[in-house]
Amino acid sequence: MTIIDQTPTDASTAPALPAYRLAGVTKTYTQKGRIVHALEGVDVEIGTGDFVTIQGPTGGGKSTLLQLLGALDVPTSGHVLIGDTDLAAASPAQLASLRAREIAFVFQSFNLIPTLTAAENVAMGLEPLGLDRAERDARVADALARVGLSERGDHRPGELSGGQQQRVAIARAIAKRPRVLLADEPTGNLDEQMRDEILTALEHLNAEGLTLVVVTHDSAVATRARRRLRLDRGAIHDITR
Ligand code: ADP
Ligand code: MG
């Protein structure tokens, strides 16, 4: 199944390349001698600046797809293009650079270090970039401001609500100024009000040009996206309308 984004774009502002182009992507795992087809021929394009959600049943292939989009794994067959980089042809150094600079992850569990403050947790995300101290501090302050937590930089995770902790995790992810933010059930551990906090933060970042791909079971999250995809038994469908 081929899914092409039909949304018209303004040629004067449209970026030259989509964030992702996937063609004929399969992923097979071997589990205790049995072959599992996690992805079975996925064709999809994700535009730069888009906000896409991926829904679908457990085991449908969502996390597998997110790993490919994150350059954390390679397909068994087919092509995954991140911008103009084909994962299958990229060198280990190119893949490492993509992961360090271009792509950020947020997970259901916030994965913050409890003994560090919010600002220190965000700074951790910048370590691979080897920035000088002034640049690092400026980016930490900017990232916390973007998720509405300027006043909480010196709080430890235990002193923050779940929604605030997830916003710290988002700040840590965006501090490196990635092109893409990939999120796997980012609101899965949060109540409704905190979920709205996270969605508002994500929408602000998307409005500033960040491409968002969000795996979610929550249709309230999906209704806020510009484009909704569904993965079921390794096949992808556009369910936007
Ligand atoms: P989802 O995130 O939609 O629940 P996954 O992508 O995690 O789905 O899993 C898709 C299928 O691939 C499942 O059958 C799962 O058991 C299998 N799978 C995922 N990761 C691995 C792995 N590392 N090794 C073996 N099988 C895996
Ligand atoms: Mg999953």
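Both ligands and their constituent atoms are indexed starting at 1 by order of listing.
Counting atoms of ligand 1 from 1 in the listed order, those under 4.0 Å from a heavy atom of Gly60 are 1 (P), 3 (O), 8 (O). The distance from ligand 1 to the heavy atoms of Pro57 drops below 4.0 Å at these ligand atoms: 3 (O). Close contacts of ligand 1 with Ala38, meaning ligand atoms under 4.0 Å from a residue heavy atom, involve 10 (C), 11 (C), 12 (O). Contact atoms of ligand 1 toward Thr58: 4 (O) (distance under 4.0 Å to a heavy atom of the residue).
If you check which protein heavy atom lies closest to atom 14 (O) of ligand 1, you get Val36 CG1, 3.4 Å. The nearest protein atom to atom 23 (N) of ligand 1, hydrogens excluded, is given as Tyr29 CE2, 3.7 Å; this is a heavy-atom distance. Among protein heavy atoms, atom 4 (O) of ligand 1 sits closest to Gly59 N, 2.6 Å.
Within 6.0 Å of NE2 in His79 there are 12 or fewer heavy atoms belonging to other residues, nucleotides or ligands. Heavy-atom contacts from other residues, nucleotides or ligands closer than 6.0 Å to CD of Glu192 number 12 or fewer.
Contacts between Thr64 and ligand 1 below 4.0 angstrom, taking non-hydrogen atoms only, involve backbone and side chain alike. Of the heavy atoms in Gln31, only side-chain atoms (C-beta onward) come closer than 4.0 Å to ligand 1.
The closest side-chain donor-acceptor pair between Tyr29 and Thr64 falls under 3.5 angstrom. Side-chain contact, Ser77 with Thr26: a donor N or O sits under 3.5 Å from an acceptor N or O. Asp218 and Thr216 are not linked by any side-chain donor-acceptor pair at a separation below 3.5 angstrom, with hydrogens and angles left out of the test.
Note: an N/O pair closer than 3.5 Å links Gly61 and ligand 1 by distance alone. For ligand 1, the polar-atom distance check finds no N/O of Thr30 at less than 3.5 Å from any of the ligand's N/O atoms. Considering backbone and side-chain atoms alike, Ser63 places an N or O below 3.5 Å from some N or O of ligand 1.
Within the coordination shell of the Mg ion (ligand 2), defined by N, O or S atoms under 2.8 Å, Ser63 is present.
Here Arg227 pairs with Asp238 in a salt bridge; the nearest charged N to carboxylate O distance falls below 4.0 Å.
Proximity of a side-chain donor or acceptor of Lys62 to a complementary backbone N or O of Arg230 within less than 3.5 Å is not detected.
Residues Lys27 and Asp73 form a side-chain contact, since some pair of their non-hydrogen atoms from C-beta on lies under 4.5 Å apart. Side chains of Asp142 and Arg177 form a contact here, defined as non-hydrogen atoms less than 4.5 Å apart.
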